[in-house]
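A quick write-up on the structure given underneath.
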Amino acid sequence: MNWRALFKPSVKYSILALLVVGVVVGVVGYFATQQTLHATSSDEFCMSCHSNHSLKDEVLASAHGGGRAGVTVQCQDCHLPHNPIEYMIKKIIVSKDLYGFLTIDGFNTQEWLDENRKEQAEHALKYFRATDSANCQHCHTRIYENQPDTMKKMAKRMHERNFKKEADKRKTCVDCHKGVAHVYPKG
Ligand code: HEC
Ligand code: HEC
Ligand code: HEC
Ligand code: HEC
């Protein structure tokens with residue numbers, strides 16, 4: 001290849017100029033996507049479809065709502081992956097909910113949530129089980145080892161006993177802890 005050709009005009013623009021434009025468009029596109037992903041991950045965004053559901057109030061009333069430590073855990077902290085590629089994939093899966101939102105009769109009513117809570121909770125739990133509750137472990141880093149002195153003896157014992165098991169026999173956080181942010185349906 002003759003590198004000087006890069007700097008010569010092509011038909012109208014030099015190939016270099018075209019490359020520069022290409023890179024600029026790519027970078028702008030990348031950040032625009034980041035912005036969109038960011039905007040689509042706020043609690044407000046989640047609640048724009050779930051606006052008549054008690055989900056946010058439930059979080060606020062739970063240990064994850066800023067009680068003792070003053071931390072309010074966001075929907076995405078628990079429900080969306082941190083790894084960017086998995087994040088994109090999960091986003092695409094979630095985008096089916098746009099279809100659901102438009103087609104499910106009475107979706108955005110508290111009655112719908114109450115009636116379908118069990119089934120919806122099962123869907124949500126599938127994600128946590130498939131990822132070994134990675135979202136929980138992202139914050140709760142001292143459950144199995146190097147536990148704080150303040151952890152209750154019973155909790156420490158249960159956690160240690162679970163951790164001693166072989167990896168495939170181990171329970172994941174949500175197997176033992178249900179309803180940490182919402183009202184887990186009984187029955
Ligand atoms: C476009 C509307 C819309 C938006 C925005 C939305 N949801 Fe949903 N969500 C739905 C619908 C519809 C369902 C029920 C899907 C079904 O049963 O087919 C649902 C179900 C769920 C479920 C239970 C089922 C599952 O797949 O796990 C969870 C958890 C959930 N949403 C969390 C969230 C979070 C977190 C956000 C913000 C990042 C969010 N939703 C934003 C419409 C939406
Ligand atoms: C963004 C960080 C964050 C994420 C994600 C998170 N937690 Fe927490 N969790 C906290 C904080 C902060 C507290 C309150 C700390 C305290 O009181 O010592 C807490 C408290 C708890 C408690 C104690 C509840 C109580 O009644 O005292 C349990 C159990 C728990 N979390 C389990 C989970 C599980 C299971 C998940 C995943 C589904 C999860 N957490 C996700 C930060 C997080
Ligand atoms: C085998 C069941 C089991 C598993 C698995 C498990 N826990 Fe626990 N956990 C318990 C029990 C039992 C307690 C004590 C219950 C209580 O005090 O209400 C507890 C207590 C806790 C507490 C409160 C500790 C304290 O005393 O301050 C937190 C936070 C917690 N678990 C988070 C987690 C997280 C995050 C995971 C996953 C990494 C996890 N647990 C896995 C059974 C389990
Ligand atoms: C601390 C982690 C955590 C936070 C924060 C959280 N969720 Fe959840 N969510 C869960 C878990 C775990 C489940 C599975 C069912 C259960 O254990 O209650 C669930 C279940 C759900 C479901 C299925 C219906 C149900 O009640 O089980 C929906 C919908 C949902 N979450 C939406 C949201 C929205 C919207 C927000 C933000 C306002 C949010 N969640 C915040 C952990 C969380």
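What you see is a predicted model; the values in this text were computed from it and never measured. Counting convention: from 1, in listed order, for ligands and their atoms alike.
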**Message:** Would Arg117 and His182 count as a side chain to side chain contact (heavy atoms under 4.5 Å, CB included) here? Give the steps.
**Reply:** CA-CA 10 Å; Arg117 177 89 76 164; His182 312 286; 4.0 Å; yes
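Taking every heavy atom of Cys139 and a limit of under 4.0 angstrom, the matching atoms of ligand 2 come to 1 (C), 2 (C), 3 (C), 4 (C), 5 (C), 43 (C). Those atoms of ligand 3 that come under 4.0 Å of a heavy atom in Tyr144, given as number and element, are 5 (C), 37 (C), 38 (C), 41 (C). Atoms of ligand 4 found under 4.0 Å from any heavy atom of Lys56 (numbered from 1 in listed order, with element): 38 (C). Heavy-atom contacts of Lys152 reach the following atoms of ligand 3: 16 (C), 17 (O), 25 (C), 26 (O) (cutoff under 4.0 Å). Each of the following atoms of ligand 4 lies closer than 4.0 Å to a heavy atom of Tyr184: 15 (C), 16 (C), 17 (O), 18 (O). Here is the list of ligand 2 atoms found below 4.0 Å of a heavy atom in Asn135: 5 (C). In summary, the atoms of ligand 4 found under 4.0 Å from a heavy atom of Leu125, numbered by their order in the structure, are 14 (C). Each of the following atoms of ligand 3 lies closer than 4.0 Å to a heavy atom of Cys176: 1 (C), 2 (C), 3 (C), 4 (C), 5 (C), 42 (C), 43 (C). Per-residue contacts place Asn162 under 4.0 angstrom from the following atoms of ligand 3 (heavy atoms of the residue considered): 5 (C).
The nearest heavy-atom contact from the protein to atom 24 (C) of ligand 4 is Gln120 CB, 3.7 Å. For atom 12 (C) of ligand 3, the closest non-hydrogen atom of the protein is Met158 CG, 3.5 Å. For atom 38 (C) of ligand 3, the closest heavy atom belonging to the protein is Cys173 SG, 2.6 Å. Counting only heavy atoms of the protein, atom 16 (C) of ligand 2 lies nearest to Arg68 NH2, 3.8 Å. Gly179 N, 2.8 Å is the protein heavy atom nearest to atom 17 (O) of ligand 4. Among all non-hydrogen protein atoms, the one lying nearest atom 15 (C) of ligand 3 is Met154 CE, 4.4 Å. Looking only at protein heavy atoms, the nearest one to atom 25 (C) of ligand 4 is Arg117 CD, 3.4 Å. Given atom 14 (C) of ligand 3, the protein heavy atom at minimum distance is Ala155 CB, 3.7 Å. Distance from atom 27 (O) of ligand 4 to its nearest protein heavy atom, with residue and atom name: Ala121 CB, 3.2 Å. With respect to atom 11 (C) of ligand 4, the closest heavy atom belonging to the protein is Phe128 CE1, 3.6 Å.
Side chain of Asn52 to backbone of Gln110: no donor-acceptor contact under 3.5 angstrom is found. No donor-acceptor pair under 3.5 Å is formed between the side chain of Gln120 and the backbone N or O of Leu113. Side-chain N or O atoms of Asp77 include none that pairs as donor or acceptor with a backbone N or O of Asn135 at under 3.5 Å. Of the possible donor and acceptor atoms, none in the side chain of Asn162 sits under 3.5 Å from a partner among the backbone N and O of His159. Side-chain atoms of Asp57 never come within 3.5 Å of backbone atoms of Ser54 as a donor-acceptor pair (strictly under, hydrogens ignored). In this structure, the side chain of Gln147 engages the main chain of Tyr144 through a donor-acceptor pair within 3.5 Å. A donor-acceptor pair is defined here as one N or O able to donate and one able to accept, closer than 3.5 Å; such a pair exists between the side chain of Ser42 and the backbone of Phe45. Side-chain N or O atoms of Thr109 include one that pairs as donor or acceptor with a backbone N or O of Trp112 at under 3.5 Å.
Counting heavy atoms under 4.0 Å from ligand 4, residue His64 touches it through the side chain alone. Residue contacts with ligand 3, taken as heavy atom pairs separated by less than 4.0 Å, involve His177 solely via side-chain atoms from C-beta onward.
Within the 4.0 Å heavy-atom cutoff, His140 counts among the residues contacting ligand 2. At least one heavy atom of Ile143 sits closer than 4.0 Å to an atom of ligand 3. Assignment of Gln74 to the shell around ligand 4 is supported, since a heavy atom sits closer than 4.0 Å.
Proximity of the aromatic rings of Phe107 and His53 is defined here by a centroid distance below 6.0 angstrom, and this criterion is met. For Phe128 and His79, the distance between ring centers is under 6.0 angstrom.
Only protein atoms were considered; those of element N, O or S under 2.8 Å from atom 8 (Fe) of ligand 4 number 2.
His82 NE2: more than 12 foreign heavy atoms inside a 6.0 Å radius. Enclosure of atom CG in Asp168 by more than 12 non-hydrogen atoms of other residues, nucleotides or ligands within 6.0 angstrom is indicated. Atom CD1 of Ile85 sits in a sparse spot, with 12 or fewer heavy atoms from other residues, nucleotides or ligands closer than 6.0 Å.
One hydrophobic cluster, built from ILVMFWY side chains closer than 4.5 Å, cannot hold both Tyr184 and Val180; they sit in different ones. Transitive grouping of hydrophobic side chains (ILVMFWY, heavy atoms separated by less than 4.5 Å) keeps Met158 and Ile143 in distinct clusters. Hydrophobic clustering (ILVMFWY, side-chain heavy atoms < 4.5 Å, transitive): Ile89 and Tyr87 are in distinct clusters.
Between Glu160 and Lys164 there is no salt bridge, since none of the side-chain N atoms of the basic residue sits less than 4.0 Å from a carboxylate O of the acidic one.
Here the N, O or S atom of His159 that is nearest to atom 8 (Fe) of ligand 3 is NE2.
Inside a 4.0 Å radius of atom 21 (C) of ligand 2 there is at least one protein heavy atom. For atom 29 (C) of ligand 2, the nearest protein heavy atom lies under 4.0 Å away.
Between Asp132 and Gln137 there is a side-chain heavy-atom pair separated by less than 4.5 Å.
Interatomic distance, Thr72 OG1 to His64 NE2, rounded to the nearest 0.5 Å: 11.0 Å.
Proximity annotation for atom 36 (C) of ligand 2: of Ala134, Cys136, Ala63, Cys136 comes nearest, heavy atoms only.
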